[in-house]
Engineer: 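My questions all concern the structure below.
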Amino acid sequence: MIVRNIDSLYGTKRQIDSNNWSSTRLLLKDDNMGFSFHQTIVHPGTATRIWYKNHLEAVYCIEGTGEIEEEDGTKHNISPGTIYALDKHDKHTLRALSKMTMICIFNPPLLGPETHDSQGVYPLLTEK
Ligand code: 9YT
């Protein structure tokens, strides 16, 4: 059994910061769960273009408000209780109207150090 508290992960290599968000990775590939599990704080007023072409991601909002815009311009409001699942590797833009706290699940699991490239893509890492 794995038991850990996020407070023990802040400031370690499991916390990855970008200009627009901070992701603390509670479960990673080497935890052998078949997915990775992150808490992502999205900073207020930011807009982030994202395309997880190598991963599926589900995102559940537990704090804050914002919107997700699909490539065709369709927009969806996000508030606590909203989940979105990028089941088609959907290109999207995420806008945070306030500080948003999101729980994010990735399949395949991230190894740990991944951060977005210029297209908002994570590479498919296979080894450390
Ligand atoms: C909501 C979102 O996708 N933000 C980017 C960071 C990502 N969720 C992560 O690595 O935790």
Side-chain angles (χ1 to χ4, degrees):
M1 183 182 295
I2 301 165
V3 180
R4 55 177 69 115
N5 189 288
I6 196 165
D7 286 340
S8 70
L9 307 178
Y10 292 132
T12 72
K13 64 183 180 182
R14 284 176 175 261
Q15 180 181 345
I16 302 294
D17 295 330
S18 83
N19 287 340
N20 291 2
W21 48 261
S22 176
S23 171
T24 303
R25 294 159 178 183
L26 292 103
L27 295 171
L28 288 167
K29 184 176 193 310
D30 64 4
D31 291 309
N32 296 312
M33 292 295 290
F35 56 85
S36 58
F37 186 108
H38 315 174
Q39 175 191 270
T40 301
I41 306 293
V42 187
H43 303 314
T46 59
T48 310
R49 284 178 53 81
I50 299 174
W51 179 32
Y52 293 129
K53 67 177 179 181
N54 299 310
H55 299 84
L56 300 174
E57 186 196 28
V59 179
Y60 182 63
C61 176
I62 59 172
E63 179 189 21
T65 58
E67 69 176 19
I68 184 170
E69 181 174 348
E70 301 185 49
E71 205 177 15
D72 68 1
T74 305
K75 295 179 180 177
H76 308 272
N77 293 326
I78 300 172
S79 60
T82 305
I83 191 170
Y84 63 85
L86 304 167
D87 62 327
K88 298 180 180 64
H89 303 274
D90 314 73
K91 291 183 179 178
H92 61 284
T93 299
L94 179 64
R95 295 189 185 88
L97 299 176
S98 61
K99 172 192 171 189
M100 300 176 81
T101 302
M102 317 285 255
I103 302 302
C104 308
I105 312 290
F106 278 83
N107 169 23
L110 269 59
L111 269 65
E114 291 92 338
T115 195
H116 291 169
D117 68 13
S118 60
Q119 289 184 295
V121 173
Y122 284 153
L124 188 59
L125 297 183
T126 52
E127 58 187 37
K128 287 186 179 173

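Count residues from 1 along the sequence. In each ligand, atom 1 is the first atom listed, and ligand 1 is the first ligand listed.
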Engineer: One residue to check: Tyr52. Relative to ligand 1, which of side chain, backbone, both or neither has a non-hydrogen atom less than 4.0 Å away?
Structural biologist: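 The side chain, only.
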
Engineer: Does any N or O atom in Tyr84 lie less than 3.5 angstrom from one in ligand 1, N or O only?
Structural biologist: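 No, since none of the N or O atoms of Tyr84 sits under 3.5 Å from an N or O of ligand 1.
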
Engineer: Find all atoms of ligand 1 within a distance of less than 4.0 Å from any non-hydrogen atom belonging to Cys104, and give their numbers and elements.
Structural biologist: 8 (N)

Engineer: Please determine, by modelled atom types, if Ser22 and Gln15 share a side-chain donor-acceptor pair under 3.5 angstrom.
Structural biologist: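 Note: Ser22 and Gln15 side chains meet the donor-acceptor criterion.
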
Engineer: Pull out every atom of ligand 1 sitting under 4.0 Å from any heavy atom of Arg25, numbered as shown with elements.
Structural biologist: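 Counting atoms of ligand 1 from 1, those under 4.0 Å from Arg25 are 9 (C), 10 (O).
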
Engineer: So, is His38 polar-close to ligand 1, with some N/O to N/O distance under 3.5 Å?
Structural biologist: yes

Engineer: Using non-hydrogen atoms of the residue, decide whether Gln39 is closer than 4.0 angstrom to ligand 1.
Structural biologist: no

Engineer: Looking only at side chains, do Tyr84 and Glu70 share a donor and an acceptor under 3.5 Å apart?
Structural biologist: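 Note: Tyr84 and Glu70 side chains miss the donor-acceptor criterion.
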
Engineer: Return the residue, atom name and 0.1 Å-rounded distance of the protein heavy atom closest to atom 6 (C) of ligand 1.
Structural biologist: Tyr122 OH, 3.5 Å

Engineer: Evaluate the ring planes of Phe106 and His55, with Trp represented by its six-membered ring, and classify them as parallel (under 30°), tilted (30 to 60°) or perpendicular (over 60°).
Structural biologist: perpendicular

Engineer: Counting only heavy atoms closer than 4.0 Å, does ligand 1 sit against the backbone of Ile50, its side chain, both, or neither?
Structural biologist: side chain

Engineer: Under a 3.5 Å distance rule, please check whether Arg25 uses its side chain to pair with a backbone N or O of Arg14 as donor and acceptor.
Structural biologist: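 Such a contact is absent between Arg25 side chain and Arg14 backbone.
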
Engineer: Identify, by atom number and element, the atoms of ligand 1 in contact range of Ser23, meaning under 4.0 Å from any of its heavy atoms.
Structural biologist: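 Listed by number with element: 9 (C), 10 (O), 11 (O).
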
Engineer: Contact between ligand 1 and Glu57 is defined here as a heavy atom of the residue under 4.0 Å from a ligand atom; is it met?
Structural biologist: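 Yes, Glu57 has a heavy atom closer than 4.0 Å to ligand 1.
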
Engineer: Quick one: which ligand 1 atoms are inside 4.0 Å of a heavy atom on Leu94?
Structural biologist: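 The list of qualifying atoms is 1 (C).
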
Engineer: Which residue supplies the protein heavy atom nearest to atom 4 (N) of ligand 1, what is that atom called, and how far is it?
Structural biologist: Thr40 CG2, 3.7 Å

Engineer: Ignoring hydrogens and angles, tell me if any N or O in the side chain of Ser98 forms a donor-acceptor pair with the backbone of Thr65 under 3.5 Å.
Structural biologist: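 Yes; judged by distance alone, with no hydrogens or angles, the pair exists.
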
Engineer: Is the side chain of Asn5 donor-acceptor paired with the backbone N or O of Asp7 at a distance under 3.5 Å, no angle test?
Structural biologist: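 Yes; at least one donor-acceptor contact below 3.5 Å.
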
Engineer: I'd like to check Met100 versus Val59 (side-chain heavy atoms, cut-off strictly below 4.5 Å). Are they in contact?
Structural biologist: no

Engineer: Hey, does the side chain of His89 reach the backbone of Tyr52 with a donor-acceptor pair shorter than 3.5 angstrom?
Structural biologist: yes

